[in-house]
*Asks:* 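Quick one: structure below, then a few questions.
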Amino acid sequence: MMPISQILSDNVRLLKTKATRPAIYGVTIAVGAIVVASMLASFINHGEITLSGIVDAQRGNVALWALDLMPFIFAFWGQYVSSVIAYEAGAMVIDQTQDLRTKTSALEYQAMHDATHDALTDLPNRVLLRDRLQQAIHSAQREKRALAVLLLDLNRFKDINETLGHYQGDRLLKHVASRLKHVVREADTLARLGGDEFAIILNPLTSLEDIHTVVSKIQKALAPPYTLDSLKIDVQASIGAALFPEHGADADTLLQRIDVAMYAAKQEKKNFVLYSEKLDQQSPHRLTLMSELREAIKNDELSLRFQPIVSNRTNGVHEVEVLVRWDHKIHGIMTPDEFIPMAERTGLIYPITQWVIKHALIQHVAWRTMGLDMGIAVNISAQTLLDPEFPDQVTGLIAAYDVSPHRLTLEITESSIMFDQELALHILGRFADMGVRIAIDDFGTGYSSLSYLKKLPVSHLKIDKSFVLDMLENENDAIIVKATIDLGHNLGLEVIAEGVENQQTLDLLKQRGCDAMQGYHINYPLRGEDFAPWFYGASQWGQRHSAGLTIN
Ligand code: C2E
Ligand code: CA
Ligand code: CA
């Protein structure tokens, strides 16, 4: 590029070769003045204006000589002033151009940085990770050595995010990122792929031992609880890994394989899983499952189970919890844990909830025609609860099947109300006005505040089965169950215990004043057609004992 001074002097030289407008005006005015002055002098001297008179005046008049110099002075002055202005303007333009150039390259750098880095943690993002992985593969190929890629996904991050809000979720992710930064070596790449997923390229990898060392370093680094607004949060990660060249020769294959390995770690509840071919057999299954589920909802391949809830007061069953199943052609009957989390992520939870409520109401009506008035409790995911159209949809359904709203209970989790408290309060208020009952499910596993719970139009709490299952052996669990029952009663709520698997637990719960019980000891979730025979026949909690009694 030409130096700036060179450009400037070239510009000025170019301008100097041109007669500038001020110079032309100056010269024209000066020449005009000379002509007028000469004519005036001729007139004064000879009483008329003649050419010889003008020539005479020009010869003898000193003042006119001075005037004659004016065009030259004007011409020089005009050119000079213009070249100074031109110089200054040129310098200004060049300064500004230079300034703009610096700003543009800073912006270009920023844009480039933004496109390749995660905004929250400033770590490389998926794009840059893939690029670095490709480069690492090339150098590993040249030098005939191995490298490893790790994918790390935080456990239960979704719950934390939903319960404490996105702001706290983001803070937690920043903490995690900074702890991970201390674990990786300078040559390694740590990236955030989005959400709670981080990836690490270990390059070079000298032995398999390296991976185990890094994994245990990561677990150790993440282990100390994180403090978020005086709450202590424990976060652990599931880690999947794949090796180059053993598990893939290119970046995309390796990235897909760490995903498979990480998913396997989550499924098997392990800290760490190294990719192997047999894991792949499960992964296409996961991908096709969602499109199959969409079809299954349309084709009524879902089915319902109904689990009886026994009332302590009447010793009878007046309500059932509705639990969904998927009758899959190849995989057999699938439980909600196998497809509800995926349905929540993909939005399929909305049509599923519609399907479940509709068919539960149909079953309720079928029982009613047999003289069986059975309340139905349906599980509602956070997304569905916070859908502003949901109350109207429920109103429509209960009107269509002519069911009394107070025979329907919505089971919602603590975390779904904490996610957007104001909206939850508004929607729950609408349900309460309709007469639909609300139960807080899995109580004790979330972080909801009591003062907030008090404000909600909730009618009962369900103590999570994780506390009930071991309450006979585990003193702590027994204390929590007792405390929850008392707490519920103090808030004016009924308390239901789930996960009652034996008579002793049932007796203990009754003794502690628990209002209702549910669990395998009373019965497993039953098919609709099996429920009435059980209720009227074999069950000690059925019609024979509860005839004539209903609870609202
Ligand atoms: P949940 O609401 O806590 O439901 C109770 C789960 O505990 C059911 O599992 C039930 O079969 C099981 N259970 C009942 N009694 C016992 C017992 O005595 N011991 C043990 N170990 N387990 C017992 P299920 O049917 O597999 O449902 C799992 C979860 O799936 C439910 O947990 C609920 O959160 C969710 N879910 C089920 N149906 C639906 C649905 O229609 N929509 C939504 N959004 N979620 C659903
Ligand atoms: Ca439930
Ligand atoms: Ca539960």
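Just follow the structure's listing: the first ligand is 1, and inside any ligand the first atom is 1.
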*Asks:* Which atoms from ligand 1 have a heavy atom of Val324 less than 4.0 Å away?
*Replies:*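 Listed by number with element, the hits are 38 (N), 39 (C), 40 (C), 41 (O).
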
*Asks:* Quick check: does Asp464 get an N/O under 3.5 Å from an N/O on ligand 1?
*Replies:*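 No - when backbone and side-chain N and O of Asp464 are compared with those of ligand 1, no distance drops under 3.5 Å.
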
*Asks:* Decide whether the shortest distance between a heavy atom of Arg325 and an atom of ligand 1 is less than 4.0 Å.
*Replies:*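 Distance cut 4.0 Å: Arg325 passes for ligand 1.
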
*Asks:* Are Lys266 and Asp153 within salt-bridge range, i.e. N to O under 4.0 Å?
*Replies:*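 Salt bridge flag = yes for Asp153 with Lys266.
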
*Asks:* Inspect the contact between Lys462 and Glu321 and indicate whether a charged nitrogen and a carboxylate oxygen are less than 4.0 angstrom apart.
*Replies:*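 Yes.
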
*Asks:* How is the N/O/S atom of Asp441 that comes nearest to the Ca ion (ligand 2) named?
*Replies:*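 For Asp441, the N/O/S atom sitting closest to the Ca ion (ligand 2) is OD2.
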
*Asks:* Would His521 count as being in polar contact with ligand 1, using the rule that some N or O on each side must be under 3.5 angstrom apart?
*Replies:*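 Min N/O separation from ligand 1 is not below 3.5 Å for His521.
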
*Asks:* Mark yes when over 12 heavy atoms from residues, nucleotides or ligands other than Glu422 sit less than 6.0 Å from its CD; otherwise mark no.
*Replies:*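 Count not over threshold, so no.
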
*Asks:* Which atoms of ligand 1 sit under 4.0 Å from any heavy atom of Gly519?
*Replies:*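 Numbered from 1, ligand 1 contributes 15 (N), 18 (O).
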
*Asks:* Could you tell me whether Asp170 and Lys174 make a salt bridge, using a distance below 4.0 angstrom between a side-chain N and a carboxylate O?
*Replies:*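 Here Asp170 does not pair with Lys174 in a salt bridge, since their nearest N and O are not under 4.0 Å apart.
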
*Asks:* Check each heavy atom of Val500 against ligand 1 and say whether those closer than 4.0 Å belong to the side chain, the backbone, both or neither.
*Replies:*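 Near ligand 1, Val500 shows its backbone, while the atoms from C-beta on stay back.
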
*Asks:* Please name the residue in the list Asp477, Thr484, Ile479 that meets the side-chain contact (heavy atoms from CB on, under 4.5 Å) test with Phe467.
*Replies:*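 When Asp477, Thr484, Ile479 are each tested with Phe467, the side-chain contact (heavy atoms from CB on, under 4.5 Å) holds only for Asp477.
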
*Asks:* Counting only nitrogen or oxygen atoms and a 3.5 angstrom limit, does Gln518 reach ligand 1?
*Replies:*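 No.
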
*Asks:* Could you check whether Asp486 pairs with Arg512 (Lys NZ or Arg NE/NH1/NH2 to Asp/Glu carboxylate O, under 4.0 Å)?
*Replies:*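 Here Asp486 does not pair with Arg512 in a salt bridge, since their nearest N and O are not under 4.0 Å apart.
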
*Asks:* Within ligand 1, which atoms have a heavy atom of Ile349 less than 4.0 Å away?
*Replies:*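 Those of ligand 1 that fall under 4.0 Å from Ile349 are 44 (N).
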
*Asks:* Which ligand 1 atoms does Asp442 reach within 4.0 Å, using its non-hydrogen atoms?
*Replies:*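 Contacts of ligand 1 toward Asp442, numbered from 1: 3 (O).
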
*Asks:* So is Lys465 close enough to ligand 1, meaning a heavy atom under 4.0 angstrom away?
*Replies:*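 Within the 4.0 Å threshold, so yes.
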
*Asks:* Are any of the N or O atoms of Glu501 closer than 3.5 Å to those of ligand 1?
*Replies:*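 By distance alone, the answer is yes.
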
*Asks:* Could you list the atoms of ligand 1 found under 4.0 angstrom from a heavy atom of Asp337?
*Replies:*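 Taking each heavy atom of Asp337 in turn, ligand 1 has 28 (C), 29 (C), 30 (O) under 4.0 Å.
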
*Asks:* Charged N to carboxylate O below 4.0 Å: is that the case for Asp234 and Arg156?
*Replies:*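 Result for this pair is no, no salt bridge flagged.
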
*Asks:* May I ask you to say whether Arg407 pairs ionically with Glu319, meaning some side-chain N is under 4.0 Å from a carboxylate O?
*Replies:*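 So Arg407 does not pair with Glu319 through a salt bridge.
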
*Asks:* Do Leu508 and Gln511 make a side-chain contact, defined as non-hydrogen atoms from C-beta onward lying under 4.5 Å apart?
*Replies:*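 In contact.
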
*Asks:* Considering only heavy atoms of Pro525, which atoms of ligand 1 have at least one such atom less than 4.0 Å away?
*Replies:*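 Counting atoms of ligand 1 from 1, those under 4.0 Å from Pro525 are 11 (O).
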
*Asks:* For Leu469, is the nearest heavy atom under 4.0 Å from an atom of ligand 1?
*Replies:*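 Heavy atoms of Leu469 do come under 4.0 Å of ligand 1.
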
*Asks:* Which single N/O/S atom of Glu411 lies at minimum distance from the Ca ion (ligand 2)?
*Replies:*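 It is OE1 of Glu411.
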
*Asks:* Do any heavy atoms of Glu321 fall under 4.0 Å from ligand 1?
*Replies:*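 In this structure, Glu321 qualifies as a contact of ligand 1 - some heavy atom is under 4.0 Å.
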
*Asks:* Are any of the N/O atoms in Thr335 less than 3.5 Å from those in ligand 1?
*Replies:*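 N/O-N/O distance below 3.5 Å does not exist for this pair.
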
*Asks:* Only N/O/S atoms count here: what is the atom of Glu321 closest to the Ca ion (ligand 2) called?
*Replies:*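 Result for Glu321 and the Ca ion (ligand 2): OE2.
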
*Asks:* What atoms of ligand 1 come within less than 4.0 Å of a heavy atom belonging to Val356?
*Replies:*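 Result: 41 (O).
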
*Asks:* State whether Phe431 and Arg437 meet the cation-pi test: NZ (Lys) or CZ (Arg) under 6.0 Å from the six-membered ring centroid, and within 45° of the perpendicular axis.
*Replies:*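 Output no; distance or angle outside limits.
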
*Asks:* For Glu498, counting its heavy atoms only, list the atoms of ligand 1 lying under 4.0 Å from any of them.
*Replies:*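 Once the distances to Glu498 are compared, the set is 3 (O).
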
